[in-house]
Amino acid sequence: MPGCFKQTLFASAALVSFVSFLLIVVAMGTPKWMTGKILCKTGADLVNATDPELVKFIGDIHYGLFRGGKIRQCGLGGRPSKFTIFPHMVKKLNTGLHVMVIMFLCGAIFFSLVSFGFCILNAVKVPYRAIKGPAGVCLWNFLAGGFVVLAVTSFMAAVKLHHLTERIANFREIFLFVILEERFEDCFWLCVASATTHAVNLLLIAISGINFPKIKTKPEEANVTAEDIMY
């Protein structure tokens, strides 16, 4: 059985791994990775809209990995609509990059659960194989955190380099929409938080490997007197 200190550390690491798993699942299922402002440029150009009138042509957009929604403003009031990325819209996007983001997150989910299981194992008993011990836990956390980092980086590349928001905003539209503003939202930052949790786990495992000196109490010296010797 591991000591109480190591049991506490591995139990904490197991909890952190499970939290990471929940963060990724919530992030993948919520359509709030990106939000932005979209300008109906064609409509504004048709009426030669000036700065005060441009407000009537500025709408909103939000989307995640699988679905989203937007409000189109083309001078006649807002027209809300919802859309799904799969199966139709993905053909207009960088399919490989978008699928890579999802695959990386699925890999992160898998390794987070593996890390959770190994942390529980190390909290309950001392494994007799190195891969099942702290080295294995470090490996699974490193892989899980690495996959999350790759997913976040790929999504940022899709947004900034491949103009993901603009492609989605103009999907099946007659008018041309221009992106005025875009920002990463809560679900994106949940993935960043998930990567941070695995860094915390690596720190906890590193601490568990430190052999802290034990405090030894000095034994009491027996006071032997002449009377004790006689008896």
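Side-chain atoms are counted along with the backbone in the values below, which use heavy atoms only and exclude waters and symmetry mates.
The shortest non-hydrogen separation linking C187 to A27 is O-CB, 3.4 Å. Heavy-atom minimum distance, A157 versus L97: C-CD2, 4.1 Å. Closest approach of N201 to S12, counting heavy atoms only: OD1-O, 4.5 Å. For the residue pair A144 and A108, the shortest heavy atom distance occurs at O-CB, 3.7 Å.
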Could you give me the CA-CA distance, side-chain angles and deciding distance for I38 and I179, then say whether side chain to side chain contact (heavy atoms under 4.5 Å, CB included) is met? CA-CA 5 Å; I38 53 176; I179 308 303; 3.5 Å; yes
Given side chain to side chain contact (heavy atoms under 4.5 Å, CB included), test L139 with L143 step by step and report yes or no. CA-CA 6 Å; L139 174 63; L143 290 174; 4.1 Å; yes
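The NZ atom of K92 lies 13.5 Å from the CD1 atom of I168; values are rounded to the nearest 0.5 Å. Distance check: K6 NZ to T8 OG1 gives 12.5 Å after rounding to the nearest 0.5 Å. The CG atom of L65 sits 6.5 Å away from the CG atom of L105 when rounded to the nearest 0.5 Å. Note that NE2 of H62 and NZ of K70 are 11.5 Å apart. Values are rounded to the nearest 0.5 Å. One distance of note links CD1 of I24 with CZ of F110; it measures 13.0 Å at 0.5 Å rounding. Remark: L202 CG to I207 CD1 distance equals 11.5 Å, nearest 0.5 Å.
N122 contributes a side-chain N or O that, together with a main-chain N or O of K132, makes up a donor-acceptor pair within less than 3.5 Å. Checking side-chain atoms of S115 against main-chain N and O of W140 turns up no donor-acceptor pair under 3.5 Å. Remark: the backbone N or O of A123 is paired with a side-chain donor or acceptor of Q7 at under 3.5 angstrom.
Residues L93 and F171 fail the side-chain proximity criterion, which asks for heavy atoms closer than 4.5 Å. The closest side-chain heavy-atom distance from D186 to T30 is not below 4.5 Å. The side-chain heavy atoms of W33 and C191, taken from C-beta on, include a pair separated by under 4.5 Å. Under the 4.5 Å side-chain criterion, counting only non-hydrogen atoms from C-beta, C40 is not in contact with Q73. At a threshold of 4.5 Å between non-hydrogen side-chain atoms, the residues F10 and L204 do not count as touching. A heavy-atom distance below 4.5 Å is found between the side chains of I109 and M28. Taking 4.5 Å as the limit, every side-chain heavy atom of H98 sits out of range of all side-chain heavy atoms of M89.
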For residues 147-155, which side-chain N or O atoms pair as donor and acceptor with protein atoms under 3.5 Å away, sequence neighbours left out?
residue : atom : partner : partner atom : Å
T153    : OG1  : V149    : O            : 2.7
S154    : OG   : L150    : O            : 2.8

N/O donor to acceptor pairs below 3.5 angstrom from side-chain atoms of residues 76-85, sequence neighbours left out:
residue : atom : partner : partner atom : Å
T84     : OG1  : F86     : O            : 3.2

Quiz: residues 52-61 side-chain donor-acceptor pairs under 3.5 angstrom, not counting sequence neighbours:
residue : atom : partner : partner atom : Å
E53     : OE1  : T50     : N            : 3.2
D60     : OD1  : K37     : NZ           : 2.7

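Note on V124 and L113: same hydrophobic cluster, where clusters join Ile, Leu, Val, Met, Phe, Trp and Tyr whose side-chain heavy atoms are under 4.5 Å apart, directly or indirectly. Linking Ile, Leu, Val, Met, Phe, Trp and Tyr residues whenever their side-chain heavy atoms come within less than 4.5 Å places I102 and V159 in a single cluster. Taking hydrophobic clusters as Ile, Leu, Val, Met, Phe, Trp and Tyr residues chained together by side-chain heavy-atom distances below 4.5 Å, L22 does not share a cluster with V16. Hydrophobic clustering (side-chain heavy atoms under 4.5 Å, transitive across Ile, Leu, Val, Met, Phe, Trp, Tyr) keeps L23 apart from F188. Taken together through direct or relayed side-chain contacts under 4.5 Å among Ile, Leu, Val, Met, Phe, Trp and Tyr, V25 and L15 form parts of separate hydrophobic clusters.
Side-chain atoms of S20 and S194 form a donor-acceptor pair, as typed in the model, at a separation below 3.5 Å.
Under the 30°/60° scheme for interplanar angles, the aromatic rings of W189 and F184 are found to stand perpendicular.
For residues 155-166, the salt bridge (Lys or Arg N to Asp or Glu O under 4.0 Å) pairs, not counting sequence neighbours, are K160-E182.
With a 6.0 Å radius and a threshold of 12 heavy atoms from other residues, nucleotides or ligands, I174 has its CD1 atom at or below the threshold. In this structure, F18 places its CZ atom where only 12 or fewer heavy-atom neighbours from other residues, nucleotides or ligands lie under 6.0 Å away.
The side chain to side chain contact (heavy atoms under 4.5 Å, CB included) check on R172 picks up H88, with sequence neighbours excluded. Checked against ring pair (Phe, Tyr, Trp, His ring centres under 6.0 Å), F177 has no partners two or more places apart in sequence or in another chain.
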